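One structure below.
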Amino acid sequence: MLKVENLHAGYGGAEVLNGVNLEVKAGTVVALIGANGAGKTTTMRAISGMVRPSKGRVLVEDLPVEGLAASRIARLGLAHSPEGRKVFGPLSVEDNLLLGAYRHLPHFLGFRSKAAADLKKVYDLFPRLEERREQLSGTLSGGEQQMLAIGRALMAQPKVVLLDEPSMGLAPVIVQEVFSIIRRLKEAGITLLLVEQFAKSALEVADYAYVMERGKIAVAGTPEELRKDERVLAAYLG
Amino acid sequence: MDTSVIIQIVVSGAFMGLVYALVAYGFQLTFATSKTINFGQGELVMLSAFFSLTLTRLGAPYWLMVPGGLLFGALLGLFVERAAVRLALEQKSEGWILLTIILGLLGFSSAENIWGRDDHPFPTPISSDPIHVVGVDITPLEISVAVGVLGIMGLIELFKRRTLLGKAFEAVSADRDAAELMGISSTRTVMLSYALSGAVAALAGILVAPITTVGPTMASALILKAFSVAVVAGLESGFGVVVVGLFLGGLENLASLYLGSGWREAPGLLLLILALALRPNGIFGKASIRKV
Ligand SMILES: Nc1ncnc2c1ncn2[C@@H]1O[C@H](COP(=O)(O)OP(=O)(O)O)[C@@H](O)[C@H]1O
Ligand SMILES: [Mg+2]
């Protein structure tokens, strides 16, 4: 579903990624773990078009998308819930969700009725969002904003979802809630690339995992394989 | 002096103030999506007024001239975006400031070459014979200004709140990167904002032309006051520009009444200086919250 080959990218000359290879098969959850500053977020940004890759390929369902505008890639069915959530603070919860479905809704009128089924699914997953549908999303708590960012990504009926550190800055109870949501997404058959600081929890839900070090994939394997790897064990699961 | 005269003076000034508000609103539209404004907006007002005058002279009736003028303004807005703003935005440079000024100068000399330096009366079917409303004389022409200004602002605000495209416009204003991730093209949204801003400026020109006449310099004082209004009201609040516009329009008529017509422009400039010194974000704008 998503394939990344020899991806290079950086910020204004300074190269951050030097040759990333990874694959996310349809219906699987893949974890991408690694130390702070390893380049996980940059990898996601280079995939979704927020930064332009300088070299390499990104294939969404075998379609090369590297170099396209982020909005084009999103319209092709790749939903990226970015680091730091980035909800539209001055807009209501429901407007945020409706915008998540922008790629397949009519742009003038009648969008609300067409989005009704998707809205219901997201509200079933996150009842708290339904209670606060009229509230400005900037006034939500951090956990609620994270739920909104995930819900907004799901509204697109995406082929593949990128989640960048959904647990960042959240209280431990909320982190558990986030992981239980991720498990439910997995059961629903959503294709997911997950970046997480909580490597242990990420490996529990993932089908496959990559460990990133200094802009490259250092180790790859199933969670069982990684848990047996001495070096990974010491550095990330200790 | 008789109170009714003072009220009369303030009221007719306030109608002019609505035109300042409309041009200031045009600044807000492009600032929201791109954090840029067209420093040649006054020339856009003037060129659209000239174009509309030409349409009228060619025999176009009023109801056809107005949309024609708005369309022309929108196209000019798109041209400014393409020629002066887009590249600067992509390169994250401040080049748009100089480029929009240069385009304005270019527009000015084009107008002089095409239509000449003279001022031309702008014919309109709307009467300027005053009607008496609760002790004040108001002309249908003044009413048309109010209807036009509040009408177009109302329509655009409705568009932003009720359509998905309008919400996308708001999303780009709030967070351009996140909007892109929803599939919303920020380039197209910036184009839309420039087209709307151009149409709004054109309407300002059409509404004010019967009062000020049409000439290359018709908008030079107007644009300064629109700047004052935008700075005082902030670049976010549509309600704010209307309030400040009404206030400034009334105030400058009072100044010219009491201090002499040479002092007409003083309140606008004074307001601008005061606002820049005291509240750089505008009295209606939210102070920018510094994150982390
Ligand atoms: N916007 C940016 N501009 C310049 N350098 C950046 C930017 N974002 C990240 N970097 C640098 O890129 C490297 C990788 O960062 P990042 O991809 O955010 O890592 P991770 O998500 O794994 O913590 C770091 O050295 C960081 O300083
Ligand atoms: Mg990161």
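All values derive from a computational prediction rather than experimental measurement.
A salt bridge is defined here as a Lys NZ or Arg NE, NH1 or NH2 lying under 4.0 Å from an Asp or Glu carboxylate O, and A:K120 with A:E130 fails to meet this definition. Contact check on B:E157 versus B:R161 returns a salt bridge, with a Lys/Arg side-chain nitrogen under 4.0 Å from an Asp/Glu carboxylate oxygen.
With hydrogens and angles disregarded, no donor-acceptor distance shorter than 3.5 Å links the side chain of A:T28 to the backbone of A:V24. Although no hydrogens or angles enter the test, the distance criterion places no donor-acceptor pair under 3.5 Å between the side chain of A:E61 and the main chain of A:L63.
Of the two parts of A:P106, only the backbone, made up of N, CA, C and O, holds a non-hydrogen atom closer than 4.5 Å to a non-hydrogen atom of chain B. Using a 4.5 Å cut-off between heavy atoms, A:L99 contacts chain B through both its backbone and its side chain. Using a 4.5 Å cut-off between heavy atoms, A:L98 touches chain B through backbone and side chain atoms alike. When heavy atoms are compared at a cutoff of 4.5 Å, B:R162 approaches chain A solely by way of its backbone atoms N, CA, C and O. In this structure, chain B has no heavy atom under 4.5 Å from any part of A:R85. Proximity to chain B involves both the backbone and the side chain of A:Y102, based on heavy atoms less than 4.5 angstrom apart.
Most heavy-atom pairs under 4.5 Å with chain A, from the set B:L181, B:D177, B:T187: that is B:L181. Taking B:A171, B:A178, B:S185 one by one and counting their heavy-atom pairs under 4.5 Å with chain A, the maximum is reached by B:A171. Between chain A and the options B:S186, B:S173, B:A168, heavy-atom pairs under 4.5 Å are most frequent for B:A168.
The aromatic rings of B:F27 and B:F227 sit parallel, their planes meeting at an angle under 30°, below the 60° perpendicular limit.
Contact of the A:K3 side chain with the A:V58 side chain is not registered, since no non-hydrogen atoms from C-beta on lie closer than 4.5 Å. Residues A:L194 and A:V30 form no side-chain contact, since every pair of their non-hydrogen atoms from C-beta on lies 4.5 Å or further apart.
Listed by chain and residue number, nothing satisfies the ring-ring contact (aromatic ring centres under 6.0 Å, His included) test with A:H104 (two or more places apart in sequence, or in another chain).
Because its NZ or CZ atom is not both nearer than 6.0 Å to the ring centre of A:Y123 and within 45° of the ring axis, A:R128 does not count as a cation-pi partner of that residue.
At a heavy-atom cut-off of under 4.5 Å, chain A is reached by no residue from residues 63-102 of chain B.
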Quiz item: Taking it one step at a time, do A:R133 and A:E94 satisfy salt bridge (charged side-chain N to carboxylate O under 4.0 Å, His left out)?
Solution: CA-CA 5 Å; A:R133 53 196 286 186; A:E94 186 147 306; 3.0 Å; yes
